[in-house]
Number of protein chains: 2
Amino acid sequence: MSITDRLFKLRSQMAALGVDACIITSADPHLSEYPADHWKFREWISGFTGSAGTVVVTNEEAGLWTDSRYFLQAEEELEDSTIDLHKMGEVDVLDYKEWLAKVLPSGSVVGVNGKTMTLGELRLLSKKLKSADIRLDARLFLEEDVWEGRTSIPEDGIFELGIEYTGLSRTDKVKAVREEMKKQGATHYIVTTLDEVAWFLNFRGQDVEFNPVFHAYVVISESQVSLFIDPHKLTSAIGKQLSKEDVKIFLYDDFYEFIKDMPPLAKVLIDPARCNSIVYNFLPTQSTKIETTSIITDLKARKNPVEIENFRKALVKDGVAMVNFLHWLDTSIGKETITEYTAAEKLTAYRAEQENYHGNSFNTISGYAANGAIVHYAVQEETAATLQARGLYLVDSGGQYNEGTTDITRTVALGDLTNEEKIDYTLVLKGHIGLDMAVYPEGTRGVHLDVLARQAMWKHGINYGHGTGHGIGHFLCVHEGPQSIRPQDNGVEIVQGMISSNEPGIYKSGKHGIRLENLILTCEDQETPFGRFLKFETLTLCPFDTRAIDVNQLDEQELNWLNNYHQKVYDQLSPLLKPDVKTWLKARTQKV
Amino acid sequence: MSITDRLFKLRSQMAALGVDACIITSADPHLSEYPADHWKFREWISGFTGSAGTVVVTNEEAGLWTDSRYFLQAEEELEDSTIDLHKMGEVDVLDYKEWLAKVLPSGSVVGVNGKTMTLGELRLLSKKLKSADIRLDARLFLEEDVWEGRTSIPEDGIFELGIEYTGLSRTDKVKAVREEMKKQGATHYIVTTLDEVAWFLNFRGQDVEFNPVFHAYVVISESQVSLFIDPHKLTSAIGKQLSKEDVKIFLYDDFYEFIKDMPPLAKVLIDPARCNSIVYNFLPTQSTKIETTSIITDLKARKNPVEIENFRKALVKDGVAMVNFLHWLDTSIGKETITEYTAAEKLTAYRAEQENYHGNSFNTISGYAANGAIVHYAVQEETAATLQARGLYLVDSGGQYNEGTTDITRTVALGDLTNEEKIDYTLVLKGHIGLDMAVYPEGTRGVHLDVLARQAMWKHGINYGHGTGHGIGHFLCVHEGPQSIRPQDNGVEIVQGMISSNEPGIYKSGKHGIRLENLILTCEDQETPFGRFLKFETLTLCPFDTRAIDVNQLDEQELNWLNNYHQKVYDQLSPLLKPDVKTWLKARTQKV
């Protein structure tokens, strides 16, 4: 079925339902970063396979709104589709809300599946359309009638992650959540994001790539935990255990009926940024809505001591895989043909050698020379560049282990470097060290620390467009909230137990890209009459490429940091390496 | 008349008007930092003379709400007044809004003079009271009936500040404001803060201490500039000139009638944070209110080239006065009796020797040893400490000159220092230099840069409770918005032409206080493919005390900064100094 045929069928259905335009987002009802195929209606209707993008279809026109990461890909994939590309962020490009308000006559009806939109976003949309006298129908489920060959929701089983990994039993987590509900005056708390469900229940699944989650909802009340899940996913042992713990099982599909039937006077805690709009709209009208950050978001961001110890183990394994890979790259470059694609495959193979490995935590970014400057470069086998024995190679990757999720970027010299490449590498390293060495009082937010990673390169008139740090899940999602180290303030304080990335970069179009990323744990520095001070502890174990550093540009503190870090990397990883790799690591962690 | 008698009279009047409680703020209708005596009703009714505080009186109780700067002073001044002190910021202390909502029965009426409260604050108050079913009357002018011996509004004259100082004629300013009004779609723009009126009209006055402002309002429309002012303030020459420029003069007292009578369909630009609430409430109901930052606030924050050149001249004069003072202090300490009070007087005398001096820009903070740790220490002749030839002395002061307003803090060693004093001095200096050397892309806000002044001391578990930088007026107010360098984000970008203070500090109660403050100008660093980058240029000229520095703690960049700065100070000031002072400065700016 061609895209134009699909659009024809969609428009027929729209006409039958009296809808003048429809919005198709890329989200699933759990607002996942990686939705299962079952939810990829936007991809089916448009042919566009990028992860971020919204399609809008009217009777006359169809458009895709996406950001600069996907302009090239979208142009190719939309060819012959009759769908126009709207380049978000470019001058004079309206967003899809403004566009709808402009092109539709007043009195029109716009439809959207409210399950695929956060409550916050729906409110903005509704306000915009209302101002143009356009009605919004947020319960339009066109995919149910239009989509031919739709796959079903994955039925893969789940497994329990033992307390030796989670550090807290389900019962303890229920208790902690209920305590917080009480503080907030909530009688019910609705959990809809898959990583929150997985963390809360100490289960992991395999429904989607990269994230070990499974499809389910949870509603926690003062007296009951209700789990909405496909029963095929549960072994009888798990089912019995849950029933012992008073966790009541419902069918996945019964979730929305359940919340419709909640007690009318319930006080429901709901996170407008982490919950789809239908959930909210199905709640009893009389019920009190307590809109705040999801309780589990805050609980799981503060890793407990057992989770932290496991993270350390995960990062030893990941370090061994990375060092094996970098050793192989260093000794093979110029001798055998290596492409960006085969390099990424090799790295995955090294990770797969590690115990309790459950795949990668995201699609490896493997970019040689100018390709390294494309921040979200998605390497493809057919178009991958061949690595040469010169210049810089950037590799951003991560693994999923029972012990934790990893995320690391290294940029390495494959041979001779230009002076500019060395200066830029050194500036990125200075920023990386600057943030890593930060000490900060309680109450500090990411917005306060971001400059420490940028100040060195700003003095050279260089900057990068992405954030410096994000949270990471414990054997969950590689991008996890709520903290964020970037110039945009989201109001979240960096607190003890949070694990964040530290990843400044420099990207010079047509030349090279450099990013250096470690994971850093927030821990106590000291308590003084001026309050409690926090600092970072570096968790990632993998050398930086000293051949790419202009040592003269590092001050004494930075040199000490680098040498101490390399000593730690060698001490912790060398006992686990084969002799030749060990020798290589010894050389690569030599004092500078 | 005792305070209790005053309160009795107030309560009688409240009863006559059917009001159950009244709020008396410390603000004048222009929301000035330094109101004239005519507006100090809160001081008259309570006896409390501090600059910040709100009095609330009910039939049974009376309370003063103030912050930690004034706890001691308020306790003393409120003795025998029957007014309770509510210590703002302490645990379990309600703010006055919450307190009113708690103590008053529903159905009560609370009154306030809406002229002494910003629109923003009044809205918060109104919302809080409404939630407790309490009515707010914002047009209660009790001071008119109760206050005996009230002084009148100052009638001092105004004078024109020539274009050689302002760089822009009144006509050009009118044009610039109208252009911005057009962009914002405003037909009228109401200017109520005194420094905005003064800057806009190129006049200065002498109605209050420290700020060269005069009492007036301005309303700018597309075709007219209306000035509301006591005609005694104008010479006939000024009156004629204004009439030539089509500036229409009205009586000061006619302002509120004028805005009541504005065209019903006017589109009025008004700044809710810089305008009293009555102004807003008097506007015609049908008129459109464009609530945004006052146009003049933004215009005057970006100093023009003539203003900047004048600032440089002001800072040479101020530097000469400071160096004369520090030389005198250095050569007199231990030989004659010097108190914190006489030292401050001496400094004022040195400033007064400078041309075009119009008094100080604020009350000099002159604190020896432990008194230096009291951030807003207000020295009094009777209680001033005597300076000894040991330890640290902090002096924060500024002058008003035709060429600009100054604000400088130096902390100096009066003799031997402890190791702790030296370490702390060096940490403050490192912070000061860290911010001064910052380079930052356009779009950067104060919240992003603040950490640069704190990172060194945070590593020692030390912090300070005040902001790092504020804007400063051009021969106007020493504290001027809108930019602010501090952990709290106010959303304002640091742009070219802004002049800010750079004033980190360390305060150890019972020991010592250190603050080092220069004025810094934002100018262009460079433009690159990554955008336009800005940097600071140091304007203040006065040496730091190298005897208080632990040189080993400064890195090479910091040492270079210090030596270059001292060279510049010597080069610019020495030609203007007497021989002995010049010799002293040579020694004090010696390379370290």
Side-chain angles (χ1 to χ4, degrees), chain A residues 373 424 427 434-435 437-465 468 485-491 493 505-511 524-535 552-559, chain B residues 373 424 427 434-435 437-465 468 485-491 493 505-511 524-535 552-559:
Chain A
D424 289 349
L427 290 174
L435 179 60
M437 292 200 306
V439 175
Y440 43 100
E442 278 190 317
T444 297
R445 307 189 302 275
V447 68
H448 297 125
L449 300 179
D450 181 75
V451 65
L452 299 174
R454 299 182 196 258
Q455 188 55 180
M457 65 178 75
W458 282 354
K459 289 184 180 173
H460 290 246
I462 304 174
N463 201 3
Y464 52 94
T468 303
I485 302 171
R486 61 189 312 143
Q488 297 76 25
D489 186 10
N490 72 349
E493 294 175 7
I506 290 181
Y507 311 96
K508 290 192 170 166
S509 183
K511 287 183 175 174
E524 183 172 271
D525 183 46
Q526 61 172 324
E527 188 152 1
T528 75
F530 294 93
R532 212 164 144 255
F533 289 81
L534 304 170
K535 65 178 175 188
N552 296 323
Q553 298 305 312
L554 297 184
D555 66 26
E556 206 187 317
Q557 281 192 305
E558 291 163 342
L559 275 175
Chain B
D424 289 348
L427 290 174
L435 179 61
M437 292 201 305
V439 174
Y440 43 99
E442 277 190 319
T444 297
R445 306 190 302 277
V447 69
H448 297 126
L449 300 179
D450 181 73
V451 65
L452 299 174
R454 298 181 196 259
Q455 188 55 178
M457 65 178 74
W458 283 355
K459 289 184 179 172
H460 289 247
I462 303 173
N463 201 3
Y464 52 94
T468 303
I485 303 172
R486 60 191 312 144
Q488 296 77 23
D489 186 10
N490 73 349
E493 295 175 7
I506 290 180
Y507 311 97
K508 290 192 170 166
S509 182
K511 287 182 173 173
E524 182 172 271
D525 183 47
Q526 62 172 324
E527 188 151 2
T528 75
F530 294 92
R532 208 161 146 260
F533 289 81
L534 303 170
K535 66 179 174 187
N552 296 322
Q553 297 306 310
L554 296 185
D555 67 25
E556 206 188 317
Q557 281 192 303
E558 290 162 341
L559 275 176

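Proteins get letters first, then strands, A, B, ... in listed order; numbering begins at 1 in each.
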Problem - Segment of Ser509(B) engaging chain A (4.5 angstrom heavy-atom cut-off) - result: neither

Exercise for the section: May I ask you to name which of Leu449(B), Leu452(B), Asp525(B), Thr444(B) has the most heavy-atom pairs under 4.5 Å with chain A? Expected result: Leu452(B)

Problem - Greatest number of heavy atom pairs closer than 4.5 Å to chain A - which of Thr528(B), Asp555(B), Asp450(B) - result: Thr528(B)

Handout entry: Neighbour count above 12 (heavy atom, 6.0 Å) for Glu556(B) CD
Key = no

Would you list the atom pairs, donor with acceptor, under 3.5 Å between side chains in residues 455-462 of chain B and any protein atom, with sequence neighbours excluded?
{"unit_1": "Gln455(B)", "atom_1": "OE1", "unit_2": "Val439(A)", "atom_2": "N", "d": "3.2"}
{"unit_1": "Gln455(B)", "atom_1": "NE2", "unit_2": "Val439(A)", "atom_2": "O", "d": "3.0"}
{"unit_1": "Trp458(B)", "atom_1": "NE1", "unit_2": "Asn463(B)", "atom_2": "OD1", "d": "3.0"}

Completion exercise
Under 4.5 Å to a heavy atom of chain A? For Arg445(B) that would be side chain

Fill in the blank from the handout: salt bridge (Lys or Arg N to Asp or Glu O under 4.0 Å) filter on Glu524(B), not counting sequence neighbours, yields Arg532(B)

Handout entry: Gln557(B), CD: over 12 other non-hydrogen atoms inside 6.0 angstrom
Key = no

Practice task
Find the one option among Arg454(B), Lys508(B), Met437(B) whose heavy-atom pairs under 4.5 Å with chain A are most numerous.
Solution key: Met437(B)

Problem - Any side-chain heavy-atom pair of Val447(A) and Asp489(B) under 4.5 Å - result: no

